[in-house]
Amino acid sequence: MAANNSEPILEEEEGGGRGVKLEAEEAGEGKAGAAAAAASASATQAPATMLHRSGSRPQLDLSGAAIHGNLEDRNPTILLPNQSDDISHLALDIGGSLIKLVYFSRHAEHSNEDKRKISMKRKLGMFNGGRRSYPILGGRLHFVKFETGKLNECLDFISSKQLHRGGVDSPSWRSGAQPDNIVIKATGGGAFKYADLFKDRLGVSLEKEDEMDCLVAGANFLLKSIRHEALTHMDGQKEYVQIDQNDLFPFLLVNVGSGVSIIKVDGHGKFERVSGTNVGGGTYWGLGRLMTKCKSFDELLELSQRGDNSTIDMLVGDIYGGLDYSKIGLSASTIASSFGKTISDNKELSDYRPEDISLSLLRMISYNIGQISYLNALRYGLKRIFFGGFFIRGHAYTMDAISFAIHFWSKGEAKAMFLRHEGFLGALGAFMSYEKHGLDDLRIHHLVERFPMGAPCVGGKIHGPPLGDLNEKISWMEKFVQKGTQITAPVPIGFPATTGMGGFERPTAKGDILRSDASAALNVGVLHLVPTLDVFPLLEDPKMYEPNTIDLDLDEFKYWFKVLSDHLPDLVNKAVASEGGTDDAKRRGDAFAHAFSAHLARLMEEPAAYGKFGLANLLELREECLREFQFVDAYVSIKQRENEASLAVLPDLLMELDSMNEEARLLALIEGVLAANIFDWGSRACVDLYHKGTIIEIYRMSRKKMQRPWRIDDFDMFKKRMLADKKDQPYKRALLFVDNSGADVVLGMIPLARELLRHGTEVVLVANSLPALNDVTANELPEIVAEAAKHCGILRKAAEAGGLIVDAMAGIRDDPKDEPVSVPLMVVENGCGSPCIDFRQVSSELAVAAKDADLLILEGMGRALHTNLNARVKCDTLKLAMIKNQRLAEKLFNGNIYDCICKFEPVP
Ligand SMILES: Nc1ncnc2c1ncn2[C@@H]1O[C@H](COP(=O)(O)OP(=O)(O)OP(=O)(O)O)[C@@H](O)[C@H]1O
Ligand SMILES: CC(C)(CO)[C@@H](O)C(=O)NCCC(=O)O
Ligand SMILES: [Mn+2]
């Protein structure tokens, strides 16, 4: 009954903490918070005329955008001098049963343009000249719903978060300007019905958008922009479908809300509502409420999971004395007449089990909708039918019943597909109708879907607020823990058995608890909009590309569940220490541990709960959870310590290398990369090792053990390319994807980079944008390179040429020709904060840097083995890693822990 217990907690949260304390809300938003809180305090005194407002639709005016303040600052703000309109990206769909809200919150920190990025953009010719520069557009799309009958809660929510005024961090909120003339896009019948109420209560005008237009726009947007938005659901099995952009239209869109709209969609804005039925979600909920006395929709749905419809429905067998009517393809267990059995009995309503009534009703309505949809698909020759609307509610039985009807009547020709953002189509469509928020040409790679607190805890629930600020999140977790409940109830999902002959046999096994709305809803997390992300241009076939090497199936997940759970206490300790070990840090640490464990528990029940989910996503989820509780960098001191220790021995290593001949040196360098890749805090085995010796000792031991041939050993091929075949044609530009801090980067990758530079190859070190485990980040690299360069002329000149360090002697030297110009050594960020890399979503600066690259070096398990082992790119690729995981070694290479991989893949 955990699901039941968890719900009142949310309710409490809503009634109590949320929305009242704006200062607390600000805490999560960083520095801007204090200013905004101060502004809010003086809101009443501020002159209402401080901002010009046009009164029409909100717009973003980026003209004249400039960096404000010192360019050397780490986080200079971007000033939009011509931005005068409110940026109010909130849209509503007010339906007969539910109000849906979609709103956008900007990343306060998105205007980060540090020194490294600016210099890099100059180098790559991106500065000011980039294709797009919407610095302000990065942010998150949130999805929330309320019951229409509780409109007041919705109004309170909007008002507490100041969504109608562009959020609590918007200029108008800070200025205290009165929200007159604010216009919000709204669709659904309630946009007409409640327009006056919105005006009275919030002072906003609702700009009405047509409901069908919005449904279609929302569906098209989702199918175009969200990876794996659609799924099929047959016999209890979920399968995500990747829609081909070029083969999307025509399709049938069936929106099952209170009533059902059936729309034939031929293109963007091209559609016709071809049918509808008044037997829909409102019918199930309304009849069900009357007949079972249920207090909520979820209660009714939950009842159905324990139901047996054979006591209510009249089966073919009931009519045919237990026989099939096989001549027309009906088995005895096929339902002949929904509720038909109740006519013959001398029974009252109270004689029937509410569970059975609910199930019978649910089946009747779902099956009927499926059948009508099929007939309309047949009418227009359509093969694909997409279902939206909150009636679906991610509920297995509902989806199975609809799918079954369509599959059966079309003899397998037509396919039912369900949209994960099911009920938000209309609201999204209304949101898209804002003209100038620049989201129109959004691409799949600009959207990063994340579930740190979105899926198991919040988001989808009726009047459940997305927990906006840190305090809210932590206290939610604390309450949750106090009650000793689990966030999500372990729900054995029951699969209805089908006869294959036109009806349902009564479902056999069914779980007895309905998953809480938030997690049952098909994983509507928060969509992060990062307009600066791009597809890696060197990918051979982006459509076929799959980052994860191994499917995260239940078996695989179980393994990772244990690894990650075991590692959790240590991680929490590190994280708390990294934030000074204060009580506040401890509180956040606990909350992080609980949030992450809850995700793990949820995924353990159902690995596909959050869409198509691979190890890369799982590892990223952990990092995202840390960030969610404001742990900036849990490994910061470990990284520093190891960098220092490694930099101290680098000069010796370089001397040793320089004493070798070219061939021996190349081997020593590759060996060095593999040996140093042992410093991986993501590997349990290695962490155990670290307690047994100093970094240098371990590195030396690791190198000594390097026995060739390695598990995959293409070294000779690589050597041939480097030193024999085309010695006079060195690589033009190499991208080196670096992994860990310390020995890994300092004693492994930097010496290899140096060798490439020596050959005349430009080197781009590609590192994480955000911290993940002990991985080195792009921000940390320039300092490390500068330290290394102190002992090495090659590195110094190349780093100068790449703008990483400034030559103090430049301009003083008599004859600049003395110093030959070097090829540059550069650093770019990869756009992610995960130990793996998904080449479908990389930073735009990496995408630019990649265009001239003819060698790719991927180093480390995360980037070269867990992901991308099978990735094909358009240039020569070297994948280097030490396998620090027995299971992976066996699974992928039939090998052993500490085996090494040196995989060279030249393009033909
Ligand atoms: N928590 C809930 N409360 C009420 N209904 C729910 C809930 N969750 C799912 N539903 C189902 O979803 C239906 C409403 O779906 P949706 O929000 O898509 O439609 P609507 O926009 O309110 O209706 P319409 O478009 O017909 O005006 C309800 O009728 C009910 O069957
Ligand atoms: C009236 C709407 C469009 C309101 O969303 C919806 O509830 C609906 O499509 N009802 C079905 C009406 C019919 O076509 O019979
Ligand atoms: Mn609706």
Side-chain angles (χ1 to χ4, degrees), residues 3 7 10-11 91-102 143-151 153-154 186-194 208-216 218-219 253-263 271-289 294-302 304 358 361-362 364-366 368-369 372-373 376 386-395 397-399 402 418-419 421-430 459-464 514-522 524:
E7 293 195 0
L10 252 183
E11 309 256 338
L92 301 165
D93 173 7
I94 313 177
S97 307
L98 301 173
I99 305 177
K100 279 74 60 179
L101 242 90
V102 169
F143 303 86
V144 197
K145 63 178 148 67
F146 297 85
E147 283 169 37
T148 308
K150 297 179 183 163
L151 179 65
E153 289 183 9
C154 172
T187 189
F192 295 83
K193 188 172 168 188
Y194 298 115
K208 297 158 196 80
E209 293 289 325
D210 176 72
E211 191 178 331
M212 299 302 131
D213 276 337
C214 288
L215 285 175
V216 171
L253 176 63
V254 182
N255 191 63
V256 195
S258 318
V260 185
S261 285
I262 302 181
I263 309 165
F271 65 87
E272 185 189 349
R273 184 181 191 271
V274 293
S275 191
T277 163
N278 45 34
V279 181
T283 319
Y284 171 60
W285 175 205
L287 275 179
R289 201 181 67 87
C294 272
K295 293 283 177 290
S296 75
F297 179 85
D298 277 8
E299 199 185 326
L300 181 66
L301 208 52
E302 194 174 318
S304 77
S358 179
L361 203 52
L362 181 59
M364 176 177 92
I365 288 166
S366 305
N368 188 247
I369 291 169
I372 294 175
S373 303
N376 279 287
F386 292 102
F387 287 87
F390 272 125
F391 170 68
I392 310 291
R393 209 197 158 292
H395 193 239
Y397 187 89
T398 310
M399 292 191 281
I402 292 176
F418 302 89
L419 300 176
H421 292 81
E422 47 186 21
F424 288 105
L425 307 188
L428 260 172
K461 193 182 180 303
I462 303 289
H463 52 113
L514 180 71
R515 214 188 288 291
S516 75
D517 195 7
S519 58
L522 289 163
V524 178

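One-based numbering, in listed order, for ligands and for the atoms of each.
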message = Would V260 count as a polar contact of ligand 2, with the cut-off being nitrogen or oxygen pairs under 3.5 Å?
response = yes
request  = Below 4.0 angstrom from a heavy atom of M212, which ligand 2 atoms are there? Numbered from 1 as shown, please.
outcome  = 3 (C)
request  = Give yes if a backbone or side-chain nitrogen or oxygen of F297 is under 3.5 Å from a nitrogen or oxygen of ligand 1, and no if not.
outcome  = no
task = Could you tell me which residues satisfy side chain to side chain donor-acceptor pair (under 3.5 Å) with S258, sequence neighbours excluded, listed by chain and number?
result = S97
query = Contact between Y284 and ligand 1, counting heavy atoms under 4.0 Å?
reply = no
message = Heavy-atom pairs closer than 4.0 Å: do any link ligand 1 to the side chain of E211, the backbone, both, or neither?
response = side chain
request  = Check whether more than 12 heavy atoms from other residues, nucleotides or ligands sit under 6.0 Å from atom NZ of K193, and answer yes or no.
outcome  = no
request  = Identify whether NZ of Lys or CZ of Arg in K145 sits under 6.0 Å from the centre of the six-membered ring of F390 and within 45° of that ring's axis.
outcome  = yes
request  = Any chance you could lay out the side-chain contact (heavy atoms from CB on, under 4.5 Å) test for F424 and D93, step after step, and finish with the verdict?
outcome  = CA-CA 8 Å; F424 288 105; D93 173 7; over 6 Å; no
query = Where's the contact between N255 and ligand 2, heavy-atom distance under 4.0 Å: side chain, backbone, both or neither?
reply = neither
task = Select the closest option to atom 15 (O) of ligand 1 among G282, G288, G280, G257, judged by heavy-atom distance.
result = G257
task = Tell me, please: is K100 in heavy-atom contact with ligand 1, that is, under 4.0 Å?
result = yes
key: N or O pair under 3.5 Å between S275 and ligand 2   = no
task = Tell me, with the steps shown, if L92 and T187 meet side-chain contact (heavy atoms from CB on, under 4.5 Å).
result = CA-CA 6 Å; L92 301 165; T187 189; over 6 Å; no
Atom 2 (C) of ligand 2 - nearest protein heavy atom and its distance = E211 OE2, 4.1 Å
key: Pair N255-I263, side-chain contact (heavy atoms from CB on, under 4.5 Å): steps then yes or no   = CA-CA 8 Å; N255 191 63; I263 309 165; 5.7 Å; no
key: Pairwise distance CD(E272) to CD1(I262) - rounded to 0.5 angstrom   = 12.5 Å
key: Enumerated ligand 1 atoms positioned under 4.0 Å from heavy atoms of G281   = 29 (O), 30 (C), 31 (O)
ask   = Side chain, backbone, both or neither: which part of S261 has a heavy atom under 4.0 Å from ligand 2?
value = both
request  = Could you tell me the residue and atom name of the protein heavy atom closest to atom 12 (C) of ligand 2, and the distance to it rounded to 0.1 Å?
outcome  = R273 NH2, 3.7 Å
query = For D93 and ligand 1, does the shortest N/O to N/O distance drop below 3.5 Å?
reply = no
Contact check: G423 vs ligand 1, nitrogen or oxygen atoms, below 3.5 angstrom = no
task = Tell me yes or no: between the side chains of S358 and Y284, is some donor less than 3.5 Å from an acceptor?
result = yes
inquiry  = So for G259, does at least one of its heavy atoms come nearer than 4.0 angstrom to any atom of ligand 1?
reply    = yes
request  = Might you confirm whether atom CZ of R273 has over 12 heavy atoms from other residues, nucleotides or ligands at distances under 6.0 Å?
outcome  = yes
query = What atoms of ligand 1 come closer than 4.0 angstrom to any heavy atom of G389?
reply = 18 (O)
query = So which protein heavy atom does atom 15 (O) of ligand 2 come closest to, and at what separation?
reply = N278 N, 3.6 Å
query = Taking the inter-plane angle between the rings of F143 and H421 on a 0 to 90° scale, is it parallel (under 30°), tilted (30 to 60°) or perpendicular (over 60°)?
reply = tilted
